[in-house]
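Computed from heavy atoms alone, side chains included, the values below leave out hydrogens, waters and symmetry copies. Remember, it's 1-based here, ligands and their atoms both numbered in the order they're listed.
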Amino acid sequence: MTSACSFELEHYRELLESARAGGYRFATFDGAPAAGDVILRHDVDLALDAAVRMAELEAETGAVATYFLMTRSVFYNLASAEGERAVARLRELGHRVGHHAVYPHIDLDRRFDEVIAWHNPDPDFMREPLIGAVNVMAEPWFSPDHYRSDSNRHWRSGCPHEALRRADFEWLQLLTHPEIWVYPGESMRETMEAMLDAERARDLERLAEDRIDLS
Ligand SMILES: [Zn+2]
Ligand SMILES: [Zn+2]
């Protein structure tokens with residue numbers, strides 16, 4: 001089923017439907033995971049617009065997710081008007097907003113729920129509990145049997161849609177990166193090229209808004 005398990009929004013929708021068919025409910029990091037929970041986690045590394053598109057699809061299907069946004073990204077600025085609009089939109093759609101932190105900096109402020117996912121963490125601090133905030137990779141929110149991730153378009157144990165449909169997981173934290181699903185391509189390289197093409201078009205609009213003469 002390789003062709004069916006593409007990294008496209010259409011298949012992401014099928015993942016959500018599979019979770020429903022398996023009898024799961026969509027949960028957040030508010031409490032410890034319970035049997036039957038699927039916690040949808042999105043680390044937003046590169047593009048806020050991709051996060052918003054995925055969030056709209058989830059809202060359409062009645063799913064709630066937690067979006068982890070960066071304050072120290074080199075790719076987007078959460079403090080810009082665009083950044084503020086993205087946070088507001090995610091909230092409006094009923095999703096949670098957590099902090100995608102760059103170690104050792106934690107910039108938890110009122111924009112975020114008290115939940116943190118480290119960006120590109122090293123093993124030595126990745127699972128350390130935090131004071132005053134949930135670390136999504138610490139117990140009880142993380143355990144290897146209850147975790148799947150799409151990192152770099154690669155599922156280490158295969159796409160989980162069939163396992164969800166069969167209700168194989170007691171509960172699951174499902175980490176997906178919106179950019180991978182929103183932008184087309186057959187490889188990470190192609191997907192990133194598509195994202196950069198879209199970003200160039202947005203940069204031209206940003207230049208015009210910044211009153212740069214593009215004539
Ligand atoms: Zn699949
Ligand atoms: Zn990250």
Is the backbone of Ile116 close enough, under 3.5 Å, to the side chain of His99 for a donor and an acceptor to pair up by distance? no
Are Leu78 and Met70 linked, directly or through intermediate hydrophobic residues, by side-chain heavy-atom contacts shorter than 4.5 Å (ILVMFWY only)? yes
Report the angle formed at the Zn ion (ligand 1) by atom NE2 of His11 and atom SG of Cys159, rounding to the nearest 10°. 100°
Can you tell if the side chain of Ser73 reaches within under 4.5 Å of the side chain of Asp45, non-hydrogen atoms only? no
Proximal heteroatom of His161 relative to the Zn ion (ligand 1) (N/O/S): ND1
Using a cut-off of 2.8 Å, find all protein N, O or S atoms closer to the Zn ion (ligand 2) than that distance. Asp45 OD1, His100 NE2, His119 ND1
Return the OG to CH2 distance between Ser6 and Trp181, rounded to the nearest 0.5 Å. 7.0 Å
Give the ring-plane orientation class for His161 versus His11, where under 30° counts as parallel, over 60° as perpendicular and anything between as tilted. perpendicular
Can you name the residues that form a ring-ring contact (aromatic ring centres under 6.0 Å, His included) with Phe68, not counting sequence neighbours? Phe29
Regarding Ser215 and Asp213, is there a side-chain donor-to-acceptor distance under 3.5 Å anywhere? yes
